[in-house]
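This chain uses plain numbering: 1 for the first residue, then up along the sequence.
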Amino acid sequence: KISRYPLGIWLALFALILIFLAWLMQTYSLLDWEEAVKLGLQNESFNGDAVEQAIADVEKGIAIADILWAFPITIVAFIGLLSRKFIGFIAAMMVFAICVYFPLFYAFRVSMNFDIVLAAIFMWAIPSIMGIIGLWMNRKLFNIN
């Protein structure tokens with residue numbers, strides 16, 4: 001136990017902070033997509049050929065879904081974990097599942113830049129796996145047997 005929480009909970013909270021950054025990047029992408037492409041936050045441009053524009057449309061839809069669905073769940077997870085509520089445990093597991101899935105999805109897409117795939121794996125998939133393990137090892141704090 002480190003201060004108020006066990007190490008596993010701290011790992012989960014750290015992972016949620018990294019995930020929060022992912023959703024902030026998605027929000028920035030929606031505000032200025034082409035600048036986000038220049039910064040490497042997105043891979044496909046609306047200024048490219050027809051295929052690239054179509055993929056950019058799909059990516060923009062995913063960004064919108066992230067902001068409407070995953071971002072609020074991340075906030076609920078963070079607050080819920082801090083207050084040791086069952087809903088925080090469940091919301092964190094949901095967010096971690098998303099953040100293990102999307103880097104793997106990127107890894108198998110031909111169009112994705114390898115640097116983005118590596119960044120997604122190291123910034124979100126690995127911390128999410130650590131968060132899942134940390135929460136599961138401390139599930140009794142949330143009245144889960």
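By the criterion of side-chain heavy atoms lying less than 4.5 angstrom apart, applied directly or through intervening Ile, Leu, Val, Met, Phe, Trp or Tyr residues, Leu16 is grouped together with Phe142 in one hydrophobic cluster. Under the 4.5 Å side-chain heavy-atom criterion for grouping Ile, Leu, Val, Met, Phe, Trp and Tyr, Ile75 is connected to Ile98 within one hydrophobic cluster. No path of Ile, Leu, Val, Met, Phe, Trp and Tyr side chains, each step under 4.5 Å between heavy atoms, connects Phe71 with Ile87, placing them in separate hydrophobic clusters. Neither Phe108 nor Val58 shares a network with the other; the hydrophobic side chains, linked directly or stepwise wherever heavy atoms of I, L, V, M, F, W or Y lie under 4.5 Å apart, form separate groups for each. Put simply, Leu31 and Phe20 are part of two different groups of oily side chains (I, L, V, M, F, W, Y) that touch within less than 4.5 Å, one to the next.
Heavy-atom minimum distance, Arg84 versus Leu141: NH1-CD2, 3.8 Å. Across all their heavy atoms, Pro103 and Ala125 have their closest contact at CG-CB, 3.8 Å. In this structure, Pro127 and Ile121 approach most closely via the heavy-atom pair CD-O, 4.1 Å. Between Tyr5 and Leu82 the shortest heavy-atom distance is OH-O, 2.5 Å. Across all non-hydrogen atoms, the minimal contact from Ala12 to Phe96 is O-CZ, 3.6 Å. Looking at every heavy atom in both residues, Phe89 comes nearest to Leu81 through N-CD2, 3.9 Å.
Side-chain contact of Ser45 with Glu52: a donor-acceptor pair under 3.5 Å is absent, judged by distance alone. Side chain to side chain, Glu35 and Gln42 fail the donor-acceptor criterion of an N or O pair below 3.5 Å.
Between Phe102 and Trp23, the ring-plane angle classifies as tilted under the 30° and 60° cut-offs.
The environment of Met123 atom CE is dense: over 12 non-hydrogen atoms of other residues, nucleotides or ligands sit within 6.0 angstrom.
Put simply, the side chain of Phe46 reaches to within 4.5 Å of the side chain of Trp33, judged on heavy atoms. Residues Tyr101 and Phe105 are in side-chain contact: their nearest non-hydrogen atoms beyond the backbone lie under 4.5 Å apart.
To the nearest 0.5 Å, the span separating SG on Cys99 from CD1 on Ile132 amounts to 9.5 Å. Annotation: the span from Ile144 atom CD1 to Asn138 atom CG amounts to 11.0 Å, rounded to 0.5 Å. Taken from CG in Leu24 to OG in Ser29, the straight-line distance is 10.5 Å, to the nearest 0.5 Å. Rounded to the nearest 0.5 Å, atoms OG1 (Thr74) and CD1 (Ile19) are 6.0 Å apart. Ile62 CD1 to Glu59 CD: the interatomic distance, rounded to the nearest 0.5 Å, is 4.5 Å. With values rounded to the nearest 0.5 angstrom, Arg4 atom CZ is found 11.0 Å from Ile9 atom CD1.
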